[in-house]
Amino acid sequence: MIRAKMNKAFLKIFGKEEWYLVTIPVFLILLSFIVAAIIIIFLGKNPFLAFYNLLQGSGLAPKPAYGGHKSMLTDFLSLLNYMTPMIFASLSVAIALKGGLFNIGVSGQMLFGGFFATILVGYSGLDWAIAKPLVLIVGIIGGAIIGGLIGLLKHKFNINEVVSSIMFNYIIQYVFSFFIHGYYIDPVSRQSKYISDASRLTLVNVQMFNLKMDLSIGFIIAIILAIAVKVFLDKSRLGFEIKAVGANHKGANYAGINVGRTRVLTMLISGAFAGLAGVTYYLGYFASIQPRVLPSMGFDAIAVALLGNLHSYGIIAASFIISIIDKGSTYMSSKAGVRQEIASVITALILLFSACSVYVQHKIQSKKDNLEYKARKEIK
Amino acid sequence: MSEYIVEMKNITKRFPGVVANDDITIQIKKGEIYSILGENGAGKSTLMSMLFGMYEPDQGEIWIRGEKVNIKSPNQATKLNIGMVHQHFKLVRNYTVTENIILGIEPIKRYGGLFPYVNLNQAAKDIAKLSKRYGLEVDPNKKIEDINVSLQQRVEIIKMLYREAEILIFDEPTAVLTPQEVEFLLKIIEELRNGGKTIILITHKLEEVKKVADRCAILNKGRLVSVLDVKDTSTKTMANLMVGREVSFEVAKKPSTFGEVVLKVENLWIRNQDNFDIVKGVSFNIRKGEIFAIAGVSGNGQIEIADAIAGLRKISQGNIYLNGKNIKDLTIRDRIEMGISYIPEDRQDVGLILDFSLAENLSLKDYYKKPFNENGFLNRKVINDYGAQLIEKYDIRSGQGIKTQVRSMSGGNQQKAIIGREIELESSLMIFVQPTRGLDIGAIENIQKMILEERDKGKAILLISLELDEIMSISDTIGVIYNGEILKIQATQSLSINEVGEFMMGVKYDD
Ligand SMILES: Nc1ncnc2c1ncn2[C@@H]1O[C@H](COP(=O)(O)OP(=O)(O)OP(=O)(O)O)[C@@H](O)[C@H]1O
Ligand SMILES: [Mg+2]
């Protein structure tokens, strides 16, 4: 009897079946925070304070004091700014995975698009009305070239996309590092020289309400394109073909779908999104390129895409959560004295638990079936 | 102790939209061969999957050797000495026979009492012993992908025996075998029974039941209809109980009228991956209104011919003409559009996209055409309506209709979905490989009738089947293939089943 009641309560948490896609991940994320809290307690710190610091650091809760022309709103806008390339990068991973391809080269494609946008447009002195769209276009083309090339290598020479992606990552990382060091380095910051404000995809220090804010143009584009990706995959002919090849390439081939061509297109699109991530990262959130390193965001995106169930809205939500943790971690470590690495631990826990979502769904379903059956029996 | 080794009491299992098993009670005696019959989707595989721990029943109890048990996983079933050969084999394709058999229960030895390693030698010896004892010869060092289905099935059987299974479940084991292989398997099953094992046999072939089974349970739409003593029951009674109506075993076939040539295959050569000629200079024609059957023992090149005509496989020499046009260099889609339907041998890996919905699978070859596709976007309503129409026409049964994920459908209904889709293409040439494999007798009757209707509409049909009975009863012309060559092409009426059988073995080479 008690068990039945508990089961009922357990089911109530998750609500109607249509909502499982939302309620189950939320439940699992909460669970990860509980586990993280236990770890923080063991470290002798106050977990609630730490979590509150995360929110404060990312502009979701007020800090006790702000510098001049800053407020919660500026922090929040900065969060959106940081989140923008994350959305693009995760969409890039998701599209490739839907097509059965593992694009582990998002980082390299980001750098490729970002580098060319920087040297071609960022240093050009073009007017903003031309420069900004051009940055986007160069990013898209740059990412698509590398992505498409990876697809082509798979199609023509049967080279595994994971291997070629990693290879391109290295090549891009070191070759561009060489060029940056040789031609574009800023001797003080040891990074590439700053790009012109006109070409930047984030409007920096916009004066409003007596505040100085960073407005991300890319964010709006990211949201629009996320919705477009969903429509594309759900409804379009090419989206159907990409999913078919991803689910069963032999079956797709049998049905007359050109598997090789579809794979090249998939990687082309995936690469284009990686390129967008690159320009919103290097010419948006930042305004220069740090040589010799690949953006770790390209790898985090794999996790974010999976957490978001490869679904556009899920990816927006997952990017938001992971960005809060990333963004807020600096503030947390300075305030609560919890080391920044704990933020990575929380992220890892979320990913670990979200891998169990299918299991949880199965459990809920079987409990529900049983309750329904018993109810029917009692009526009889 | 009770006289029953297996008792499943009041078992109920529901899936979304369907009660797969509804209050089923069966009791199986030790040492008997117990057969389970029923239409496609009646719930046979589901019932046995629960005994093997792949699903848990929603309701009901399972008793083994007089004790109530809760079987939550196949591992637990194995501990209870239950083994199962699934409808679709579950072997690791790039592992060897030995590795597959010991997978999960590897015999461990330690170097110097310390470092554990898998004792493959011991395993190979044990396996050889088992093979010999039951006459299940198989090369333990071959990889699964390099051996044919009948040998793969042997591996599955040895795998069960290696785990010391006492209760052996076979889910449609004969569907993939040639008649000779079926004979052999049935003999093995009887031997196993004589050795004290208990056998549960799911099959659609009533002669097999008649031949080996002691008792049979008949399921219909998830319910148990009756349990019969096989020796007191005619196959006709079983069939009627199963389908719930009178089934005729005879196919009514109108005399044929052939029109012009639709498919002309000329000196076709095909090479396999190992650079070995698997089809050697095959030529034949199929005319409008003709069912041309290629008869042969499996692995003699017939599947490769079908794949080559459909464009799934490269040819090394020769020509293929469809309605007078050479199609040997066309893409798969071009060939489909020129009028080729194809039911492939492997329905799960090739013929369907298991993770897609039933409706999507039913329009898998039309989705890009108008009105399914308008300006690059799919019209879901058209796809759904078309799907619903085919489901109705071909009696495709599933839990949730057009929305059903094909992976969850029963084997026979997956097959019906492919057949429906391919017939509806209205192609001038239809290639049917094992079209009725895994179907229940009612469905076989329907499908054969439909194939004949297509013929009468003037379609050219290439039938590749391992079932000689099927070939004899519906084909007009038979080409017998042996070792990559067609030895004989002759009108079906002028041949007896024995003659065809002999040609298939390569005898009577010259005449
Ligand atoms: N995993 C699953 N999820 C949802 N529905 C399922 C699942 N497995 C089986 N079903 C449904 O349960 C019913 C019984 O299926 P089952 O596979 O047991 O049939 P069967 O008697 O073995 O048929 P066949 O002769 O075609 O193999 C079918 O309607 C099928 O669609
Ligand atoms: Mg079955």
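Small disclaimer: the values here were computed from a predicted structure and weren't measured. Every heavy atom of this structure was used, including side-chain atoms; hydrogens, water molecules and symmetry mates were not. In what follows, chains carry the letters A, B, and so on, assigned in the order in which the sequence lines appear, proteins first and then strands, with residues in each chain numbered from 1.
- Using a 4.5 Å cut-off between heavy atoms, B/Arg335 does not touch chain A at all.
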Would B/Phe372 and A/Arg237 satisfy side chain to side chain contact (heavy atoms under 4.5 Å, CB included), going step by step from the backbone distance to the final call? CA-CA 9 Å; B/Phe372 296 86; A/Arg237 170 189 165 175; over 6 Å; no

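- Put simply, of B/Leu312, B/Leu364, B/Asp355, B/Asp349, the one with the most heavy-atom pairs under 4.5 Å next to chain A is B/Asp349.
- Proximity of a side-chain donor or acceptor of A/Asn248 to a complementary backbone N or O of B/Leu352 within less than 3.5 Å is detected.
- Atom CD1 of residue A/Ile257 and atom NZ of residue B/Lys365 lie 11.0 Å apart, to the nearest 0.5 angstrom.
- Dense packing is recorded around NZ of B/Lys369, with more than 12 heavy atoms of other residues, nucleotides or ligands lying under 6.0 Å away.
- The environment of B/Asn94 atom CG is dense: over 12 non-hydrogen atoms of other residues, nucleotides or ligands sit within 6.0 angstrom.
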Yes or no on ring pair (Phe, Tyr, Trp, His ring centres under 6.0 Å) for A/Phe240 and B/Tyr368, after CA distance, side-chain angles and deciding distance? CA-CA 10 Å; A/Phe240 183 84; B/Tyr368 64 94; over 10 Å; no

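- Within a 6.0 Å radius of CZ in B/Arg223, other residues, nucleotides and ligands contribute 12 heavy atoms or fewer.
- Proximity to chain A (any heavy atom under 4.5 Å) is restricted, for B/Glu422, to the side chain, taken from C-beta onward.
- You'll find the side chain of A/Asn258 stays beyond 4.5 Å of the side chain of B/Thr331, heavy atoms only.
- Looking at B/Glu360, the atoms closer than 4.5 Å to chain A (heavy atoms on both sides) sit in the backbone and in the side chain alike.
- Listed here is the closest heavy atom pair of A/Ala247 and B/Ile353: CB-CG2, 3.7 Å.
- In this structure, the side chains of B/Leu378 and A/Lys235 stay at 4.5 Å or more apart for every pair of heavy atoms.
- Of the atoms belonging to A/Asp234, it is backbone heavy atoms, and not side-chain ones, that fall under 4.5 Å from chain B.
- Heavy-atom neighbours of B/Lys9 NZ from other residues, nucleotides or ligands within 6.0 Å: above the threshold of 12.
- Within the 3.5 Å criterion, the main-chain N or O of B/Tyr342 finds a donor-acceptor partner in the side chain of A/Tyr254.
- No hydrogens or angles considered: a donor-acceptor pair under 3.5 Å links the side chains of B/Tyr367 and A/Glu241.
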